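Here's the structure, in structure tokens; my notes come after.
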Amino acid sequence: MNIFRLFGDLSHLAAIAILLLKIWKTRSCAGVSGKTQLLFAVCFITRYIDLFLHFVSLYNTEKVMKLIYISASVFTCYLIFFKFKATYDGNHDSMRAEFLIVPAAGLACLINTKFDAIEILWTFSIYLEAVAILPQLFLISKTGEAETITSHYLFAQGSYRALYILNWIYRYHYESHVDTIAIVAGVVQTILYCDFFYLYITKVVKGQKIVLPA
Amino acid sequence: PEPVPDHDEL
């Protein structure tokens with residue numbers, strides 16, 4: 001474990017917590033893409049499938065973190081699609097999730113480290129996570145704005161994988177550890193946030209709201 | 001058989 005990975009995981013936890021708090025406190029999921037949250041839930045379940053296969057006692061933080069990610073993301077989907085369904089902005093959350101899931105699944109079968117069920121599920125979850133934020137970014141571009149709290153969520157969510165890139169550089173240098181698939185997907189994922197990062201740093205940090213030219 | 005990579009990250 002290194003400082004980049006630690007802060008990356010903390011940033012990821014913060015993102016999940018910020019979104020849950022936003023929905024719970026405002027009792028509304030306006031401006032939140034339910035599809036992105038569904039895709040994240042699928043990512044966690046397919047990536048941490050080992051938790052269900054051979055349940056080992058919760059002796060280490062990694063198992064606890066995996067369970068937190070899975071339960072928090074499923075609970076977030078429950079809030080969006082059931083509890084606060086009336087506030088879900090389905091009209092603007094219109095990016096076809098199939099256009100992300102099918103290519104990720106196909107690519108996972110073609111490009112993977114080992115043609116093994118668990119490994120392909122892991123690879124699928126890595127590819128899917130790289131593009132899972134697209135419906136959320138698409139929704140913001142459609143509505144032309146993002147609530148400040150949603151911007152903080154996106155900043156934390158984007159920073160998590162950006163910090164993981166620093167973690168991979170660190171591990172390559174000191175542990176000569178390389179996980180090419182995760183690195184390439186992680187770089188693509190972070191690049192997708194670039195224009196949001198620009199808007200966040202130039203606007204939200206100065207207390208302005210993100211309003212896109214509609 | 002070659003070892004399946006241990007993806008030790010979350």
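Only a predicted model underlies this, so the values are computations on that prediction, with no experimental measurement involved.
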message = Working to the nearest 0.5 angstrom, can you tell me the gap between B/H7 NE2 and A/T123 OG1?
response = 6.0 Å
query = Is any side-chain heavy atom of B/D8 closer than 4.5 Å to a side-chain heavy atom of A/H177?
reply = yes
note = Here the gap from A/F44 atom CZ to B/L10 atom CG, rounded to the nearest 0.5 Å, amounts to 9.0 Å
ask   = Which one of A/R5, A/R171, A/R47 satisfies the side chain to side chain donor-acceptor pair (under 3.5 Å) criterion with B/E9?
value = A/R171
ask   = Is the CZ atom of A/F7 crowded by more than 12 outside heavy atoms at less than 6.0 Å?
value = no
ask   = Is chain B contacted by the side chain of A/H12, its backbone, both, or neither, given a heavy-atom distance below 4.5 Å?
value = neither
